[in-house]
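For reference, the structure is listed below as structure tokens.
Reckoned from all heavy atoms, side chains included, excluding hydrogens, waters and symmetry mates. In listed order, ligands and their atoms are each counted from 1. Just so we're clear, the structure is a prediction, and the values are computed from it rather than from any experiment.
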Amino acid sequence: MLSEPAAGGPETSHGSAPGVTVDLRELLAVSVLAAVRGGEEVKRVREGNVLNAKAKGKTREGAEEQLTTGDLLSNRRMFYLLKGAFPAVQINSEERVDTADQETVSWDHSIPEDIKQKIQPKEVPAESVTVWIDPLDATQEYTEDLRQYVTTMVCVAVNGKPVIGVIHKPFSSYTAWAMVDGGSNVKARSSYNEKTPRIIVSRSHAGKVEQVARQTFGNKTVIIPAGGAGYKVLALLDVPEKNQEEADVYIHVTYIKKWDICAGNAVLRALGGHMTTLTGEEISYTGSDGNEGGLIASINMNHKALIEKLPDLEKTSHK
Ligand SMILES: Nc1ncnc2c1ncn2[C@@H]1O[C@H](COP(=O)(O)O)[C@@H](OP(=O)(O)O)[C@H]1O
Ligand SMILES: [Mg+2]
């Protein structure tokens, strides 16, 4: 059953049915499909140039948060695909879905060949699963027609741990997926600059991130401002895309929502990397939808040493 969130607020659909199990490999297949099908809507709306962008509110820091037809149509497709395939699972998505306007896309139970080859079936209790949907990451940049930053994302958490991540780029039809203790279609780069890392940061919700990065790694540190949490995680990986910048570390210091970061966290974890709060705590993907402690993400680096280098974040993390 769908809950009734406040108008314009995010969607939460509660799972129930104790004793029911779901197969993580099937969840991965549907997550990939949902990200791709949502991405088609994102692309169609952008190319048709009828975004109907409006303000849906403000962040804590006072930045205007935009909502477009692309967000809503993508959300509707992604949500109903996943909900239809896995009715017993809790799904949290960034946008509200209108129950009077259900999408009838259904999953045909097929699993793509590459997933079949790399991943074994794995049953888990439905009640241990939380799915997080971001139907359009980098909405701000989408409205500015900076298409390279835009992604659609799905994340599956089991007992709060991010286990499956899908990050899809609708405008270049690139999809990265990974499952912890399973497999992936993406890998880490062969080397990273640990001494003077290139730091990728938010261009529209930066807060004091540049100050933190320079204090940590010195004034000469290269800082790459970019849109989208999905894009910034892909910047740490080996992604065969001409419009994808590369970086060594991703840092975010302001408040951020779990649907923005869960998929990237799962992908990094599956590949041996890390995404934690700025004090090094793991982020739990159940319960509340917000992450208060900022984030730092890295792969094939000494993550603990990076955190120890960060300045006193009590003063900087939430500002
Ligand atoms: N301080 C903040 N409060 C709320 N959301 C934030 C935020 N900082 C970043 N985000 C969200 O996190 C995503 C990545 O941010 P950024 O591009 O600035 O790095 C964006 O998601 P959406 O585009 O899905 O809304 C953005 O809105
Ligand atoms: Mg988002």
Checklist outcome for this item: If we number the atoms of ligand 1 from 1 as shown, the ones under 4.0 Å from a heavy atom of Glu61 are 1 (N), 2 (C)

Checklist outcome for this item: Under 4.0 Å from one or more heavy atoms of Thr254, ligand 1 contributes atoms 1 (N), 2 (C), 7 (C), 8 (N)

Checklist entry - salt bridge (charged side-chain N to carboxylate O under 4.0 Å, His left out) with Lys169: which residues, sequence neighbours excluded? => result Glu241

Next on the checklist: Measuring from atom 2 (C) of ligand 1, which candidate in Tyr149, Tyr255, Tyr250, Tyr142 has the nearest non-hydrogen atom?
Outcome noted: Tyr255

Checklist entry - Does any N/O atom on Ala138 come nearer than 3.5 Å to any N/O atom on ligand 1? => result yes

Item to check | Selected option - heavy-atom contact closest to atom 3 (N) of ligand 1, from Asp71, Thr59, Thr152 | outcome: Thr59

Item to check | Step-by-step side chain to side chain donor-acceptor pair (under 3.5 Å) determination, His274 to Ser298 | outcome: CA-CA 5 Å; His274 301 273; Ser298 74; over 6 Å; no

Checklist entry - Between Leu136 and ligand 1, which residue portion shows a heavy-atom distance shorter than 4.0 Å: side chain, backbone, both, or neither? => result backbone

Next on the checklist: With a cutoff of 4.0 Å, is Arg60 in contact with ligand 1, counting heavy atoms of the residue only?
Outcome noted: no

Checklist entry - Do the ring planes of Phe171 and Tyr142 sit parallel (below 30°), tilted (30 to 60°) or perpendicular (above 60°)? => result tilted

Item to check | Heteroatom proximity flag, Ala226 to ligand 1, N/O under 3.5 Å | outcome: no

Checklist outcome for this item: Within 4.0 Å of some non-hydrogen atom of Gly227, the atoms of ligand 1 are 17 (O)

Checklist entry - Using a heavy-atom cut-off of under 4.0 Å, does the side chain or the backbone of Ser202 touch ligand 1, or both, or neither? => result both

Checklist entry - Between Trp259 (side chain) and Cys262 (backbone), is there a donor-acceptor pair under 3.5 Å? => result no

Checklist entry - Which part of Asp260 is near ligand 1, with near meaning a heavy atom under 4.0 Å away: side chain, backbone, both or neither? => result side chain

Checklist entry - Is there a heavy atom of Lys232 sitting under 4.0 angstrom from any atom of ligand 1? => result yes

Item to check | Per-residue contact class, His252 against ligand 1 - non-hydrogen pairs under 4.0 Å | outcome: side chain

Checklist entry - Just wondering, do His168 and Thr151 contact through their side chains at under 4.5 Å, heavy atoms? => result no

Checklist entry - Can Asp137 and Asp260 be said to form a side chain to side chain contact (heavy atoms under 4.5 Å, CB included), step by step? => result CA-CA 7 Å; Asp137 186 40; Asp260 293 310; 3.5 Å; yes

Checklist entry - Using heavy atoms and a threshold below 4.0 Å, how should the contact between Lys257 and ligand 1 be classified: side chain, backbone, both, or neither? => result neither

Item to check | Close N or O approach (Ala229, ligand 1; < 3.5 Å) | outcome: no

Checklist entry - Relative to atom 27 (O) of ligand 1, which among His205, Lys58, Lys56 owns the nearest non-hydrogen atom? => result His205

Item to check | Lys/Arg-Asp/Glu bridge criterion (N-O < 4.0 Å) met for Glu40, Arg77 | outcome: yes

